[in-house]
2 protein chains.
Amino acid sequence: MLEKSWLVLDAFRPTGGPLRLADVAERCHLPKTTAFRLLTELTAIGAVARRQDGYYLGRRLFELGCIVPLERDLRHAALPFMHDLYEATHETVHLGVRDGLDVVYVEKIRGQEAFALPSRVGGRLPLTCTGIGKALLAYAGPDLIEEVLGRPLRRLTPHSIVDPRRLEEAIGQIQAAGLAYEREEAQIGGACIAAPVFHEGAAVAALSVSVPLPRFHPTRLAPAVKAAALGISRALSRPFPAGPV
Amino acid sequence: MLEKSWLVLDAFRPTGGPLRLADVAERCHLPKTTAFRLLTELTAIGAVARRQDGYYLGRRLFELGCIVPLERDLRHAALPFMHDLYEATHETVHLGVRDGLDVVYVEKIRGQEAFALPSRVGGRLPLTCTGIGKALLAYAGPDLIEEVLGRPLRRLTPHSIVDPRRLEEAIGQIQAAGLAYEREEAQIGGACIAAPVFHEGAAVAALSVSVPLPRFHPTRLAPAVKAAALGISRALSRPFPAGPV
DNA sequence: CAATGCGTTCCGTGCCACGGAACCCCGACC
DNA sequence: GGTCGGGGTTCCGTGGCACGGAACGCATTG
């Protein structure tokens with residue numbers, strides 16, 4: 001039952017709803033009755049909310065989601081530096097972590113002249129198609145790099161890197177410079193520059209600034225991104241205040 | 001099983017972990033074996049993560065929590081205005097909604113000289129002890145006001161309003177001015193000013209600026225808070241872009 | 001009116017959630 | 001070194017309940 005209930009919750013990706021009973025049943029490949037039963041229970045629990053137009057993910061998920069410690073602690077450390085970076089650039093600032101072969105976006109400050117980006121907090125994109133992902137990959141160690149190079153590379157745009165040799169080359173450059181660049185690999189018309197954030201010698205996250213391509217001036221952005229990432233790394237090496245603020 | 005599993009997840013409030021098996025069992029009043037079984041399954045699902053020092057809430061909750069639509073849509077609309085307000089004041093900016101008799105904090109931008117506040121995103125505080133809560137209450141309609149006034153009022157500090165007559169008076173003032181003030185009711189040494197955010201004639205959220213008391217100048221803050229809240233209300237009356245950004 | 005599609009209820013069946021007891025491991029203490 | 005206690009893990013009999021097909025109720029459409 002438990003596994004099925006999470007299947008149901010996942011059916012609400014990526015928008016959180018609204019879904020009708022029949023939609024949920026179909027997405028989960030569950031009998032209608034089972035889906036109904038699960039939705040009813042999840043609604044009682046608060047993990048799902050029912051409105052006139054259908055079911056939505058519910059507040060209880062929001063409340064628990066906010067206290068997931070990894071992401072919470074990382075956000076806590078990173079947000080001041082991200083705000084500084086945002087104030088310096090007024091462009092979209094992202095913080096992401098690696099989970100398997102994906103970037104999971106942990107925080108995002110949208111730029112003033114925001115353009116549509118495929119990223120969202122809590123969302124995932126392939127490591128190999130994004131600045132953050134490549135920065136994380138470059139410092140993830142030889143085993144993971146090997147693994148990634150040994151698989152078909154995913155493509156988000158015609159510019160996405162799908163040639164393992166190109167990727168290997170890019171990784172080398174990232175390792176040399178401590179910075180990752182991305183041009184239209186995740187989004188046509190978009191570019192970004194990313195730097196890894198370290199904790200106890202490992203790259204636990206990466207920080208990026210995303211820009212429309214015509215406005216992309218790497219040499220101008222690089223020092224600010226690097227400084228902010230370094231600031232976060234330093235903040236992460238200090239102990240956290242105990243308990244909730 | 002489903003209900004018990006959410007009991008287990010709630011055992012991780014408010015910090016998200018670390019908890020040992022025995023802690024979880026005790027908090028949930030469940031037999032150790034049951035708690036172990038549930039934790040093991042939740043770990044397999046990704047809702048809980050196990051580390052050397054114990055169990056934590058897991059990433060899957062984070063990912064789903066980010067797409068809970070009410071909070072997501074409200075954040076999306078409010079964040080630009082909150083950033084503007086933050087840039088104008090450099091103080092802590094909150095956005096909260098009402099759930100039952102609580103404020104649930106939906107977003108928070110921490111001030112540069114942050115001081116410890118009891119609020120956190122995804123957390124709850126009593127309506128009657130906070131600026132946001134009082135703003136929400138004032139526009140929640142007579143039934144809820146009656147209900148709240150008819151119950152013992154909760155206290156967070158010695159300054160918290162626990163006299164129904166005082167609260168009623170405060171509500172009247174908020175309704176007259178369209179602004180709620182709070183002085184040391186939620187936190188000794190803290191103050192804030194809050195304004196409601198409307199959507200289709202109802203106060204669906206409220207926005208506040210929180211300040212250490214010595215720095216609290218309501219007349220200076222009021223126009224900015226009110227303008228930002230109005231901006232959010234306006235943004236909420238416009239249709240949203242469909243799907244994830 | 002009939003058909004269709006939506007959600008909801010009913011209930012027989014067999015799956016599995018439950019949890020006490022036993023077990024294993026490790027660290028602390030005598 | 002042996003014992004104890006506390007942490008977690010495994011085992012398995014039992015009865016609780018998850019499951020889902022079928023039936024039902026309602027609204028809409030042709």
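Residue numbers begin at 1 in each chain, while the letters A, B, ... track the order of the sequences. Only heavy atoms go into these numbers, but all of them, side chains included; no hydrogens, no water, no symmetry mates.
For residues 16-43 of chain B, there are no ring-ring contact (aromatic ring centres under 6.0 Å, His included) pairs, not counting sequence neighbours.
Closest-nucleotide positions on DNA chain C for A/M1 and A/T40 were compared, and the one nearer the 5' end corresponds to A/T40. Each of A/P31 and B/A22 was matched to the nucleotide of DNA chain D holding its nearest heavy atom; the match closer to the 5' end belongs to B/A22. Both A/K32 and B/D23 lie near DNA chain D, and the one whose nearest nucleotide falls closer to the 5' end is B/D23. Each of A/T33 and A/L2 was assigned the nucleotide of DNA chain C with the nearest heavy atom; the assignment lying further toward the 5' end belongs to A/T33.
The CG-C1' distance, from A/L30 to D/dC19, rounds to 11 Å in whole Å. Atom-to-atom, CZ of A/F36 to P of D/dA22 comes out at 19 Å; the value is rounded to the nearest Å. Rounding to whole angstrom units, NZ of residue A/K4 and P of D/dC17 are separated by 17 Å. In this structure, the NE2 atom of A/H29 is 18 Å from the C1' atom of D/dC19, given to the nearest Å. For the pair A/L42 CG and D/dA18 P, the computed distance is 12 Å after rounding to whole Å. Taking atom CZ of residue B/R51 and atom P of nucleotide D/dG7, one finds them 21 Å apart after rounding to whole Å.
Among the protein residues, A/R37 comes within range of the nucleic acid bases, having at least one heavy atom under 4.0 Å from a base atom.
Each of A/L125, A/T157, A/T130 was evaluated against A/P118; a single residue qualifies, A/L125, per the side chain to side chain contact (heavy atoms under 4.5 Å, CB included) test.
Taking every heavy atom of both residues into account, A/V68 and B/F62 meet most closely at CG2-N, 3.7 Å. Closest non-hydrogen pair, B/L136 versus B/V204, comes out as CD2-C, 4.2 Å.
Rounded to 10 degrees, the angle separating the terminal helix axes of the helix from C/dC1-D/dG30 to C/dC30-D/dG1, each built from five base pairs, is 30°.
Using a 4.0 Å cut-off between a side-chain N of Lys or Arg and a carboxylate O of Asp or Glu, A/E147 and A/R151 qualify as a salt bridge.
Read 5' to 3', the first and last nucleotides of DNA chain C with an atom closer than 4.0 Å to a heavy atom of chain B are C/dA17 to C/dA21.
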